Amino acid sequence: MKRTEIKTLLQRTDYGSTINVKGWVRTKRSSKNVAFIAMNDGSTLNNVQIVVEMNEENDKLLNRIHTGASLSVDGILAESMGSGQKVEVQSQTIEILGEANPDEYPLQPKKHSLEFLREKAYLRFRTSTFSAVARVRHAMIFAIHQFFNDRGFYNIHTPIITGSDAEGAGEMFQVTTLDLEHLPKNPDGTIDYKNDFFGKAANLTVSGQLEGELAALALSNIYTFGPTFRAENSNTTRHLAEFWMIEPEMAFYDLTDNMDLAEDLLKYVVKYGLDHCKEDLEFLSNRLQDEEKNKKAEERSMELIEKLKFVLDEPFARVTYTEAIDILMSSKPNKKQQFQYVIEGWGADLQSEHERYLVEKHFKRPVILTDYPASIKAFYMKQNEDGKTVRAMDILFPQIGEIVGGSQREESYEKLYAKIKELNIPESTMWWYLDTRKFGTVPHSGFGLGFERLILFMTGMTNIRDVIPFPRTPLNLEF
RNA sequence: GCCUCCAUAGCUCAGCUGGUUAGAGCAUCUGACUGUUAAUCAGAGGGUCAUAGGUUCAAGUCCUGUUGGGGGCGCCA
């Protein structure tokens with residue numbers, strides 16, 4: 001018999017039909033005459049209830065069925081007598097596909113801590129929380145592609161291995177086939193890469209932006225959506241060594257066009273999630289409220305779905321760095337020296353406590369900060385006429401901080417060249433990037449959206465290691 | 001990388017200022033229960049209190065190292 005997915009099964013009303021359903025046991029409850037098995041196959045958050053009439057044969061079978069076992073059940077679709085569900089399956093034949101020894105299987109029909117599940121990451125898909133996150137994550141991936149496709153953007157696969165060692169976005173993971181025990185050396189003691197796979201030093205990409213720009217300067221509107229690698233020793237709830245990033249790059253866009261696109265994108269995907277992942281989001285909302293029930297009322301986060309709708313309804317606040325500094329300088333925590341880093345004046349780099357103040361206390365909505373001092377931003381950003389700021393924009397979200405970082409790019413060859421010289425970036429690795437400003441340069445803009453940070457916001461999870469199936473962080477590469 | 005906190009049964013945790021055979025709930029096993037909803041009720045098994053030292057008449061409890069983990073900060077997406 002052909003298997004019916006639980007998601008489909010639960011919507012059917014053709015009671016009396018013979019069906020087959022397969023999945024993994026979440027709980028088993030038995031009494032004298034009847035037993036109930038809650039089974040899940042991941043097609044939906046909800047379980048299907050399998051009703052088993054007790055007799056000698058089923059009694060033996062049920063003794064082998066525990067949480068985690070996989071079953072194939074043939075039975076009759078029935079309207080449920082119980083109150084917890086509309087439909088259930090009256091089992092006729094139960095085949096145990098795989099047992100799960102309860103002495104060894106780590107998951108139980110109860111709440112586990114996220115820390116415990118993180119150490120059992122190979123099994124955590126089997127929990128409601130992680131399967132819900134996985135489904136939401138998928139929906140968001142799909143929504144992102146749909147958003148760009150609908151607007152005529154082309155998806156570009158930028159390289160994962162790069163020969164450029166000056167992308168400037170962070171420490172890189174080196175890629176080599178050289179024997180690390182016996183590295184070939186040049187006469188001056190440096191490593192001789194001539195016999196390495198590419199004949200030169202190679203790294204994993206920290207950003208697809210520079211290559212994305214090359215594509216945008218021909219196709220107009222492109223986006224990348226790929227893995228990104230940063231070898232930073234970052235130990236926080238919002239950093240990963242391997243993460244996924246969306247990087248659109250648009251020819252003929254100025255900074256305002258760029259901000260408009262980023263705000264539209266974020267609102268579109270949040271709306272898509274609300275429309276397509278209602279059950280999972282409701283579950284995640286309850287999970288979050290349950291987790292925070294012991295916190296003081298003022299420390300609890302806004303209810304998840306309310307928070308997501310709030311982002312849709314409100315235009316993001318848009319302020320320049322200079323305005324933000326003024327707000328912070330005259331803020332209570334700055335005057336009373338409650339900030340760990342008190343803002344002394346223009347030019348200060350904003351710490352996360354300042355960003356949180358702006359988003360959570362002052363504006364109480366997402367904030368786009370623009371026109372940062374050139375000294376604290378990347379070399380490729382377009383220089384403003386004031387000579388001291390660049391056309392950068394960061395989007396700050398409550399709780400997670402920076403979710404988008406972008407800018408209008410410097411399209412003037414002379415200005416870009418001078419900047420590269422000023423920062424001692426080797427011209428030999430950047431010549432092709434500079435060339436785009438020599439041949440038909442145009443104003444253009446782009447940004448990077450941290451996908452996992454978006455999923456944090458969307459799911460109400462608080463640690464980025466719980467929104468990617470297999471997190472890579474310093475000293476953590478178990479699964 | 002810096003700062004902080006934590007480690008007691010398979011899981012979640014209690015164990016007050018060091019003081020007799022280390023507790024609970026869930027899970028497991030046994031039994032009860034005519035349909036349950038992480039079912040309920042009764043009983044059983046299960047711990048060299050992360051690890052190595054030290055202080056003390058006495059250490060789960062105090063001190064030090066090690067390992068594992070949480071949180072905050074920095075770097076940023």
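Because the structure is predicted, anything quoted here is derived from the model rather than measured. So that the names make sense, note that chain A is the first sequence line, chain B the second, and so on, each numbered from 1.
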Self-check item: Check: A/Arg453 side chain, B/C76 base, donor-acceptor under 3.5 Å
Solution: yes
Quiz item: What does B/U48 pair with, Watson-Crick or G-U, if both distances are under 3.5 Å?
Solution: none
Quiz item: Hey, is the side chain of A/Arg26 pairing donor to acceptor with the base of B/A38 inside 3.5 Å?
Solution: no
Quiz item: Which of the following nucleotides, B/C29, B/A39, B/G74, is nearest to the side chain of A/Thr27?
Solution: B/A39
Exercise. For B/A58 and B/U51, measure between their C1' atoms and round to the nearest Å.
Key: 22 Å
Self-check item: Pi stacking test for A/Phe36 and B/G35: under 5.5 Å apart, planes under 30°
Solution: no
For nucleotides 69-71 of chain B, print each protein N/O atom paired with a nucleotide N/O atom at under 3.5 Å, atom names and distance only.
residue, atom, partner, partner atom, Å
B/G70, OP1, A/Arg118, NH1, 3.0
B/G71, OP1, A/Asn463, ND2, 2.8
B/G71, OP2, A/Asn463, ND2, 3.2

Exercise. Quick one: look up who B/U17 pairs with, Watson-Crick or G-U, both distances under 3.5 Å, and put none if it's unpaired.
Key: none
Practice problem: Give none if B/C26 has no partner; otherwise give the nucleotide forming a Watson-Crick or G-U wobble pair with it, both distances under 3.5 Å. | Solution: B/G10
Practice problem: Indicate, with yes or no, if the rings of A/Tyr372 and A/Tyr321 have centres closer together than 6.0 Å. | Solution: yes
Self-check item: Given B/C75, B/U34, B/G35, the nucleotide with the shortest approach to the side chain of A/His239
Solution: B/C75
Quiz item: Now, which nucleotide makes the Watson-Crick or G-U wobble pair with B/C2, with each of the two distances under 3.5 Å?
Solution: B/G72
Quiz item: Is any side-chain N or O of A/Gln340 under 3.5 Å from a base N or O of B/G74, one able to act as donor and the other as acceptor?
Solution: no
Exercise. Sequence neighbours left out, what pairs pass salt bridge (charged side-chain N to carboxylate O under 4.0 Å, His left out) with at least one residue falling in residues 253-264 of chain A?
Key: A/Asp260-A/Arg318, A/Glu263-A/Lys267, A/Glu263-A/Arg318
Quiz item: Is the shortest distance from a Lys or Arg side-chain nitrogen in A/Arg137 or A/Glu452 to a carboxylate oxygen in the other one below 4.0 Å?
Solution: yes
Using atom names, set out every protein N or O paired with an N or O of nucleotides 23-26 of chain B below 3.5 Å, distance rounded to 0.1 Å.
residue, atom, partner, partner atom, Å
B/G25, N2, A/Lys110, NZ, 3.3

Quiz item: Does any donor-acceptor pair link the side chain of A/Ser234 with the base of B/C75 at a separation under 3.5 Å?
Solution: yes
Quiz item: Do A/Tyr341 and A/Glu353 have a side chain donor and acceptor closer than 3.5 Å?
Solution: no
Exercise. Name the pairing partner of B/U55, where a pair is Watson-Crick or G-U wobble with both distances under 3.5 Å, or state none.
Key: none
